[in-house]
Amino acid sequence: MNVKMDRKVVAGITSILFLFVFPANTEKFISCHDGRVLYVGGSGPNNYTKIQDAINDAEDGDTIFVYDDSSPYYESINVDKSIALIGENRNTTIIDGKGGWVVINITAEGVTIENFTIQNGEYGGIYVYSDYNYIFHNIITKNGWEGIYLEHSHNNRILYNSITSIDGGAIDIYYSHNNVIASNFIDSNEAGIILMNASHNKIFDNKISNHETGGITIWIGYDNIIKNNNLSDNEIGIYLSSSNNSVFNNSFYRCGIIVDSFHNEIADNIVNGKPLLYLEGHSDEIIEKEAGQIILVNCNNITVCHQNISYTSIGIELLSTKNCNIFNNTFLKCGSSVFLYNSNNNQITKNYYSNSDDAIILWYGMNNEVADNAIKNISYGIHLRASNINYVKGNIITHGKEGILMSGEMNKIINNTIFNMTKEAIWMTSSDLNVIRKNNIGYSKYGIFITGKYKGSLFNLIAGNVIHNNEFGIYIENGYYNLFCNNWFINNDKHVSAIYLDRLILNIWIMNHWDLLLAKFIQQN
């Protein structure tokens, strides 16, 4: 037996030893690989030159050992037999799909894929359409939509792999249950792990970092367990859009959890070294103890104050929560600082926000008050999305992209100061019967931008505002029958502009005050 064969034996023994770490269904894994050994590459007289040729000649239970001497192997491989496919060294035994649709396609049960670099599949690295497979200690990189893709595949083990530079998800699991994803290094992909219609899966001890969207996303699925993972620098650490999942003992750095569902168990997680506080169904509490992130689900009358929250996906989230008071908190470099979804009658007052993507988002919210907040260097200040009858007053918003964004009815935007927006100070879309009054709006591209699909924005009162030093004081893209009354237009490049003349004529202009640039306005329009 030559040295290379010794390495193969060691690799095989190592694989079997690791199977005992994950005992569920272990017998089926081990019994599949007790047949012949076939060799690819190397200098043996009967060795194959192509991996697919060896698979074609193999039988269920055989092992195919691939030497790195002839690497890279430019192949797209179809594994339709219950075999073990083992590389000599994962760093040097390379299977390159060379732009084929997938590098390794698995349709048989009980397949082992171990110790390879798997790269350059147009759509993916490894596709699995079967059960009881074992994907261990591979490097999966520079593939198309998925690193590893499971569909209608159950009881698989994905362990100790490095998955990087995938254009889509590192591991995508569709309609697949009872799989284990553990101890993988998942870094710098579009997304980390995605579950869709997938239940009873276990995701633990993974390191998941630097993803443009989510580290772990559960769209539809229940009774999944996510524990002991290290998630860092993801846009969203974990996103739960489905109920009855468990999230325990995870560590988040510069990201966090977003919850869009109920009846999950979330406990003992850490965000930037501080506890992640998750409350569901609680009432009449005051939260003053320091937290890295706070999530309130179906709560009532909770007070959150004196928090200093930074570098997380959402600072404070309220889901179907009412009568809460969030005041005197500081938010720094969060994705969204305060996010309310389907939450009513809350007060968000006297907080400080800086250097984040969004300061405050109200989505499907009513009768909330957003008052006296200081918002600076934020991409988007206050966003009322499909939200009605809210009161936004006395806020100071400076240096950002958009100050106040609104889609909804009967909201009041009063006495706010909005300066230095690169786009709109106030942006209205498909918004009717709102009041925008006594605001100080200046030094932005657009003071107030009015638009909306189909009918536009109708019957709004825009009165008593000071609109000054903007490129466009008011710009009407789509909106009719709005009343502009007693506003002051000072030193704007263009006081009022519209995409079509009827947008000017079919709105009402009463007792507005114009500076000496009025002649310029008339001439240009």
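In what follows, residues are counted from 1 in the order of the sequence shown.
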So OG1 of Thr303 and CD of Gln347: to nearest 0.5 Å the spacing works out to 9.5 Å
For Arg503, look at atom CZ and say whether over 12 heavy atoms of other residues, nucleotides or ligands are found less than 6.0 Å away. yes
Would you say that Asn269 contacts Tyr278 through its side chain, given a criterion of any heavy-atom pair below 4.5 Å between the two side chains? no
Measure the shortest side-chain to side-chain distance between Ile203 and Ile216 over non-hydrogen atoms and say whether it is less than 4.5 angstrom. yes
Worksheet item: Do the ring planes of Phe339 and Trp363 sit parallel (below 30°), tilted (30 to 60°) or perpendicular (above 60°)?
Response: perpendicular
Rounded to the nearest 0.5 Å, the CG atom of Asn300 sits from the SG atom of Cys324 at a distance of 6.5 Å
Is there a side-chain contact between Val247 and Ile238 in this structure, where contact means two heavy atoms from C-beta onward sitting under 4.5 Å apart? yes
Q. Less than 6.0 Å separating the ring centroids of His495 and Phe472?
A. no
Main-chain N/O of Leu362 paired to Asn368 side chain as donor or acceptor, under 3.5 Å: no
Original post:
Looking only at side chains, do His513 and Asn487 share a donor and an acceptor under 3.5 Å apart?
Top reply: no
In short, Ile171 meets Ile186 closest at the heavy-atom pair CD1-CD1, 4.0 Å
Could you tell me if Asn201 and Asn224 have a donor-acceptor pair between their side chains, going purely by distance under 3.5 Å? yes
Q.
Could you check whether Asn155 and Asn178, counting side-chain N and O atoms only, form a donor-acceptor pair closer than 3.5 Å?
A. no
Go through the side-chain N and O atoms of Ser209 and Asp187 and say whether any donor and acceptor fall under 3.5 Å apart.
yes
Handout entry: Short side-chain to backbone donor-acceptor contact, Ser430 and Lys453, under 3.5 Å
Key = yes
Worksheet item: Heavy atoms, side chains only, cut-off 4.5 Å: are His399 and Asn420 in contact?
Response: yes
Interatomic distance, CZ@Arg385 vs CG@Leu405, rounded to 0.5 Å, equals 10.5 Å
Please work out which of the three classes, parallel, tilted or perpendicular, describes the rings of His152 and Tyr175, given edges at 30° and 60°.
parallel
Could you check whether any side-chain N or O of Thr417 sits under 3.5 Å from a backbone N or O of Ile396, counting only pairs where one atom can act as donor and the other as acceptor?
no
- Have His211 and Asn189 got a donor and an acceptor in their side chains that come within less than 3.5 Å? yes
Checklist entry - Does Asp205 use its side chain to pair, donor to acceptor, with the backbone of Ala182 at less than 3.5 Å? => result no
Q.
If only side-chain N and O atoms count, and only distance matters, is there a donor-acceptor pair under 3.5 Å linking Tyr239 with Asp260?
A. yes
Before you tell me yes or no, could you show the steps for Ile266 and Ile257 under side-chain contact (heavy atoms from CB on, under 4.5 Å), namely the whole-Å CA-CA distance, both residues' side-chain angles and the distance that decides it to 0.1 Å? CA-CA 10 Å; Ile266 300 176; Ile257 297 179; 4.1 Å; yes
Notebook entry, point to check: With no hydrogens and no angle check, do the side chains of Asn390 and Asn411 hold a donor and an acceptor under 3.5 Å apart?
Noted result: yes
Q: Check whether the side chains of Ser261 and Asn264 place a donor and an acceptor atom closer than 3.5 Å, and report yes or no.
A: yes
When every non-hydrogen atom of Gly237 is compared with those of Ser313, the smallest separation belongs to N-OG, 3.5 Å
Next item on the list: Decide whether Tyr480 and Asn507 meet the rule of one side-chain donor and one side-chain acceptor closer than 3.5 Å.
Entry: no
Between Ile462 and the options Ile450, Ile426, Asn512, Val435, the side-chain contact (heavy atoms from CB on, under 4.5 Å) test singles out Ile450
So does Ile118 get a backbone contact from the side chain of Asn138, meaning a donor-acceptor N/O pair under 3.5 Å? no
- Task: Spell out, as yes or no, whether a donor-acceptor pair under 3.5 Å connects the side chain of Asn439 to the backbone of Ile413.
- Result: yes
Any salt bridge linking Asp233 with Arg254? Criterion: basic side-chain nitrogen under 4.0 Å from a carboxylate oxygen. yes
- prompt: Can Tyr364 and Tyr341 be said to form a ring pair (Phe, Tyr, Trp, His ring centres under 6.0 Å), step by step?
  reply: CA-CA 6 Å; Tyr364 298 115; Tyr341 187 86; 5.8 Å; yes
For the pair Phe489 and Trp514, name the ring-plane relationship: parallel under 30°, tilted 30 to 60°, perpendicular over 60°. parallel
Interatomic distance, CG@Asn478 vs CG@Leu458, rounded to 0.5 Å, equals 8.5 Å
**Prompt:** Considering only heavy atoms from C-beta outward, does the side chain of Asn244 approach that of His263 to under 4.5 Å?
**Reply:** yes
Heavy-atom closest pair (Gln293 atom, Leu276 atom, distance to 0.1 Å) is OE1-CD1, 3.4 Å
ask   = Does a sphere of radius 6.0 Å around CD1 in Ile286 hold more than 12 heavy atoms from other residues, nucleotides or ligands, not counting ones at 6.0 Å or beyond?
value = no
message = Any heavy-atom pair between the side chains of Leu279 and Leu277 that's under 4.5 Å?
response = yes
_I'd like to know if the side chain of Thr312 and the backbone of Ser310 have a donor-acceptor N/O pair within less than 3.5 Å._
no
| message | I'd like to know whether NZ of Lys274 has more than 12 heavy-atom contacts from other residues, nucleotides or ligands below 6.0 angstrom. | response | yes
Heavy atoms of other groups near Tyr443 OH, more than 12 under 6.0 Å: no
Under 3.5 Å, is there a donor-acceptor pair between the Asn351 and Asn373 side chains? yes
So OG of Ser243 and CD1 of Ile220: to nearest 0.5 Å the spacing works out to 11.5 Å
- Task: Verify side-chain contact (heavy atoms from CB on, under 4.5 Å) between Lys445 and Lys423, making sure each step is shown before the conclusion.
- Result: CA-CA 5 Å; Lys445 182 170 183 178; Lys423 296 178 70 177; 5.5 Å; no
Closest non-hydrogen atoms of Glu317 and Ile258, given as atom of the first, atom of the second and distance, are OE1-CA, 3.8 Å
Exercise. Salt bridge check: are Lys455 and Asp432 linked by an N-O gap of less than 4.0 Å?
Worked result: yes
Would you call Phe327 and Ile348 a side-chain contact if the rule is heavy atoms closer than 4.5 Å?
no
- Message: The test is ring pair (Phe, Tyr, Trp, His ring centres under 6.0 Å); show your working for His177 and His154 and say whether it passes.
- Response: CA-CA 5 Å; His177 315 305; His154 318 301; 5.2 Å; yes
Check: Is a side-chain donor or acceptor of Thr330 paired with a backbone partner of Tyr352 at a separation under 3.5 angstrom?
Finding: no
Measure the acute angle between the ring planes of Phe449 and Tyr475, then classify it against the limits of 30° and 60° as parallel, tilted or perpendicular.
parallel
| said: Under 3.5 Å, is there a donor on one side chain and an acceptor on the other for Asp515 and His468? | reply: no
Note: Leu319 and Val259 closest approach over all heavy atoms is CD2-O, 3.8 Å
Please answer whether the main-chain N or O of Leu433 pairs with a side-chain N or O of Asn460 as donor and acceptor at a distance below 3.5 Å.
yes
Here the pair of heavy atoms bringing Lys227 nearest to Asn250 is C-OD1, 3.4 Å
Counting only heavy atoms from other residues, nucleotides and ligands, does the tally under 6.0 Å from OH of Tyr123 exceed 12? no
Using the six-membered ring wherever Trp is involved, compare the ring planes of Tyr174 and Tyr149 and label them parallel, tilted or perpendicular (cut-offs 30° and 60°).
tilted
Q) Ignoring hydrogens and geometry, is there a side-chain-to-backbone donor-acceptor pair from Asp268 to Phe248 under 3.5 Å? A) no
Rounding to 0.5 Å, atoms SG (Cys485) and CD1 (Ile510) come to a distance of 6.0 Å
Is Asn325 close to Asn346 at the side-chain level, that is, under 4.5 Å between some pair of heavy atoms?
no
